[in-house]
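Take a look at the structure below.
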Amino acid sequence: MKKTGCLFKVLLGLAVCVCVTAVWAQNAGAPGVPVHLVVTAEARHGSDVPEITQRDVMVHEGHDRDAVTGWIPARGDNAALELFILLDDGSDTNLGTQLEGLRKFIMGQPASTKVGVAYMQDGRAKVEQSPTSDHALAAKALRLPMGLGGVNASPYFALSDLVKRWPESAARREVFMATDGIDRYYDSNDLQDPYLDAAIDDAGRAGIVVFAVYTPGAGHFGHSYWQNYWGQMYLSRVAEETGGESYYIGFTGAPVTFGPYLEDMDRHLNNQYLLTFNAKAQKKSGLQRIKVTTEVSNAELVSAHKVYVPAATP
């Protein structure tokens with residue numbers, strides 16, 4: 001009986017091994033179009049983020065589950081990051097009190113991070129410093145905003161402009177934008193802003209993650225409850241749908257300090273993964289809605305809501 005029991009255990013172990021190997025082989029050769037995506041792991045409770053392995057990750061397009069073919073922690077040799085600090089030139093000059101904190105944040109970035117600085121002006125991203133590994137040079141590019149109400153036009157024009165002119169890179173590409181979020185080119189004040197939609201889609205096509213913090217604009221809009229409500233809703237949406245975070249949802253004026261938001265963003269950057277999966281092949285290239293999840297206890301995965309899927313080759 002003992003020999004029979006041992007033989008059964010050996011056979012069961014072999015069967016499990018063969019089954020797992022077959023699943024991995026199937027994933028490796030699964031049909032579909034390879035898509036790459038930056039994913040952030042968060043703890044549901046507390047600050048200790050569990051380690052996530054490739055087997056723990058699930059990607060769904062609607063009811064269909066896609067094969068996960070790659071899951072690499074964005075650390076060590078894979079930690080490369082290009083980060084743009086995008087500030088609104090139409091912000092109240094009180095934004096100047098945040099510049100020293102931003103400089104410290106830039107100087108505290110690892111050598112694997114290149115930092116760029118740009119200002120939203122006339123619907124464009126005016127680049128003061130292209131992404132550079134010389135953090136002192138990037139920190140020096142920070143300046144006071146012009147402080148003229150409406151000089152920016154639309155922060156979403158500026159975000160789209162930055163995304164479209166940002167050269168492709170194997171590194172992660174992410175944005176920290178500080179603005180009131182108010183779109184002066186769309187006065188309907190609802191969630192159907194076409195310029196907001198375009199900015200989200202542009203970031204999705206480029207695989208760029210956006211972090212957004214509210215800071216009041218100069219002039220009348222800087223103290224308009226109604227306008228600032230919608231501005232913050234828009235910022236929340238652009239961050240949520242690109243896989244980032246938005247900060248300071250409130251109506252009591254400018255944040256005292258960006259410090260806690262920058263610290264939280266650092267935690268996100270330090271818990272990111274490079275995901276590769278096989279999306280369903282489509283006749284035409286376009287954005288596809290996906291959902292990335294895990295069943296690991298006390299863990300949650302945050303990513304863009306849509307990814308760009310190239311057309312299937314004939």
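For this chain, numbers begin at 1 and follow the sequence in order.
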* Asked: Step by step, would you call D201 with K306 a side-chain contact (heavy atoms from CB on, under 4.5 Å)?
  -> CA-CA 8 Å; D201 286 350; K306 293 185 288 187; 3.0 Å; yes

* Asked: T40 and N271: side-chain hydrogen bond (donor to acceptor under 3.5 Å, both in side chains), yes or no, with the steps?
  -> CA-CA 6 Å; T40 303; N271 287 285; over 6 Å; no

Count I, L, V, M, F, W, Y as connected when their side-chain heavy atoms are under 4.5 Å apart, and connections chain through other members. Are [X] and [Y] then in the same cluster?
X: M58; Y: V307; result: no
X: V292; Y: V49; result: no
X: I290; Y: L287; result: no
X: Y308; Y: V68; result: no

Kindly say whether [Y] contributes a backbone atom to a donor-acceptor pair with the side chain of [X] at under 3.5 angstrom?
X: S246; Y: L235; result: no
X: Q121; Y: M146; result: no
X: R44; Y: S297; result: no
X: R65; Y: V59; result: no
X: Y119; Y: R143; result: yes
X: S285; Y: A311; result: yes
X: W230; Y: D183; result: no
X: D89; Y: P145; result: no

* Kindly indicate, with the supporting measurements, whether the criterion side-chain hydrogen bond (donor to acceptor under 3.5 Å, both in side chains) is fulfilled by D202 and S160. => CA-CA 6 Å; D202 288 338; S160 285; 2.8 Å; yes

* Search all heavy atoms of A304 against all heavy atoms of L37 and return the closest pair with its distance. => CB-CD1, 4.1 Å

Any heavy-atom pair between the side chains of [Y] and [X] that's under 4.5 Å?
X: K280; Y: D66; result: yes
X: V57; Y: L301; result: yes
X: E61; Y: R289; result: no
X: E42; Y: E245; result: yes
X: R124; Y: R165; result: yes

* Establish, yes or no, whether the cationic atom of R75 lies under 6.0 Å from the six-membered ring centre of Y273 and within 45° of the ring axis. =>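 Yes, a cation-pi geometry holds between R75 and Y273.
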
* Asked: side-chain hydrogen bond (donor to acceptor under 3.5 Å, both in side chains) between E174 and H268: does it pass, once the steps are laid out?
  -> CA-CA 11 Å; E174 313 201 24; H268 279 73; over 6 Å; no

* Asked: Looking only at side chains, do T294 and D56 share a donor and an acceptor under 3.5 Å apart?
  -> no

* What residue pairs, at least two apart or across chains, pass side chain to side chain donor-acceptor pair (under 3.5 Å) with a residue in residues 102-118? -> Q109-D266

* **Trace of the side-chain hydrogen bond (donor to acceptor under 3.5 Å, both in side chains) decision for N94 with T97** => CA-CA 6 Å; N94 283 334; T97 62; 5.9 Å; no

* Parallel under 30°, tilted from 30 to 60°, perpendicular over 60°: which one fits the rings of Y247 and F211? -> parallel

* List for me each residue that meets salt bridge (charged side-chain N to carboxylate O under 4.0 Å, His left out) alongside K140, sequence neighbours excluded, and say none if there are none. =>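 In terms of salt bridge (charged side-chain N to carboxylate O under 4.0 Å, His left out), with neighbours along the sequence ignored, K140 is linked to no residue.
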
Using a 3.5 Å cut-off and no angle test, enumerate the donor-acceptor pairs between side-chain atoms of residues 80-88 and protein atoms at least two apart in sequence or in another chain.
unit_1	atom_1	unit_2	atom_2	d
E82	OE1	W166	NE1	2.8
E82	OE2	S169	OG	3.3
D88	OD1	G90	N	2.7
D88	OD2	N152	ND2	3.4
D88	OD2	T179	OG1	2.7

